[in-house]
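Down below is the structure, laid out as structure tokens.
Numbering of ligands and ligand atoms starts at 1, following listing order.
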Amino acid sequence: MPGLDMTVQPIADTVSNKRQGDHVVELIGNTPLIDLSPLVPSPRVQLLAKAEYCNPGGSVKDRPALAMVREALDTGRLAPGGRVLDATSGNTGIAYAMLGAAMGFGVTLCLPANASPERKRLLRAYDAELILTDPLDGSDGAIREAKRLARERSELVYLDQYGNPENWRAHYETTGPEIWRQTSGQVTHFVTGLGTSGTFMGVSRYLVEQSNSIRTVSIQPDSPIHGLEGMKHMESAIVPAIYDPQQAHEDRAISTEAAYSMVKRLARDYGLLVGISAAANVSAALEVAADLDEGVVVTILCDDAMKYLSESFWEEV
Ligand code: PMP
């Protein structure tokens, strides 16, 4: 057909332009925005949720992990074939481990020994090195161990997701603009839970720059001991260096029980098998929506339920 070859790149060029790992990297981001408005009683309030479990590593953390790795490679801190180190409750680790396998670098992770068996198996499947820390010390114990290892093993490149600005920047550059575009600039409220705070900080910064009438709401567990994996109770935890509480117009607390019951409701009544922090976000976003006469509330479905299937709350009445 005349002209057909104008749109097809010669194979040699396609191959030479590719970087190692692109087959995975190209799948990160541009996730769907799901309409959960049927959960909201008011017909003039929309609830939309970003399906971050559609990322190839299964969570919102693929975006910052890629940004932190890229920065380390671009600045030469991480040499090809080198090894990265971080503390992670699971999802960032899974993202690093996936990227390490795809792009060709090693991954060492510090995580509490009581991280779910599914998570540990996933990490080992990608061949990551796991350093398990005392469950009683929680994610803070994993952070302290990573800092210690970073001093002791000079070959490790410590990515420090809690203090690395590339974490929030990944969301400022991708998640925020996607939400703005997918809502055609109609978003009025952004609601999400705090872990490293990268998602909240990056998306909020971007959205408020687009329209200063947008309200940003951060979510935290309602007590120091909680089951909201991936989320932090800031008052009792090591506060991430990238977190700025001033970025939130409002901060709300959510209980583990509310999140568990929302996990089951979303699975059983809506066919959405999301993770616990995702359900906490939906619960909190519904509370925000309940206070509005009209608006477009956007939240984040951080991951799906696959890593939490062994938890006992599924059987509880
Ligand atoms: N939910 C889950 C399941 C997570 O893994 C994380 C990351 N720790 C979060 C929520 C919080 O995201 P962020 O670190 O961007 O605050």
> What is the ring orientation for Y206 with Y172, classed by angle as parallel under 30°, tilted 30 to 60°, or perpendicular over 60°?
Replying inline: perpendicular
Interfacing atoms of ligand 1 (cut-off 4.0 Å, heavy-atom, [X]):
X    : result
D303 : 3 (C)
T196 : 13 (P), 14 (O), 15 (O), 16 (O)
S197 : 13 (P), 14 (O), 16 (O)
N91  : 2 (C), 3 (C), 4 (C), 5 (O)
Y308 : 3 (C)

> Are any of the heavy atoms in Y162 under 4.0 Å away from ligand 1?
Replying inline: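 Y162 does not count as a contact of ligand 1 under the 4.0 Å cut-off.
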>> Below a 4.0 angstrom heavy-atom separation, can you tell me which part of S277, side chain or backbone, both or neither, approaches ligand 1?
In response: side chain
> For ligand 1, which part of E229 has a heavy atom less than 4.0 Å away: the side chain, the backbone, both, or neither?
Replying inline: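 Under 4.0 Å from ligand 1, E229 contributes backbone atoms alone.
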> Taking distance alone, with no angle check, do K61 and ligand 1 share an N/O pair under 3.5 Å?
Replying inline: yes
>> For ligand 1, which is the ligand I care about here, please tell me if T199 has any N or O atom under 3.5 Å from one of the ligand's N or O atoms.
In response: yes
>> Quick check: closest heavy atoms across I214 and V208, and the distance to 0.1 Å?
In response: O-CG2, 4.1 Å
> Hey, mind stepping through E178 and K50 against salt bridge (charged side-chain N to carboxylate O under 4.0 Å, His left out) and telling me if it holds?
Replying inline: CA-CA 9 Å; E178 286 171 32; K50 197 97 168 103; 2.8 Å; yes
> Is there a donor in the side chain of K307 and an acceptor in the side chain of N91, or the other way round, less than 3.5 Å apart?
Replying inline: yes
> Hey, are E129 and R153 close enough for a salt bridge, meaning a charged N less than 4.0 Å from a carboxylate O?
Replying inline: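 A salt bridge links E129 with R153.
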> Side chains of E52 and D303: closer than 4.5 Å at any heavy-atom pair?
Replying inline: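 Of all side-chain heavy-atom pairs linking D303 with E52, none is under 4.5 Å.
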> Heavy-atom distance under 4.5 Å between the side chains of T108 and I131, does that happen here?
Replying inline: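 Yes; the side chains approach each other to less than 4.5 Å.
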> Taking atom 16 (O) of ligand 1 as the point of reference, which of G195, G230, G93 owns the nearest heavy atom?
Replying inline: G195
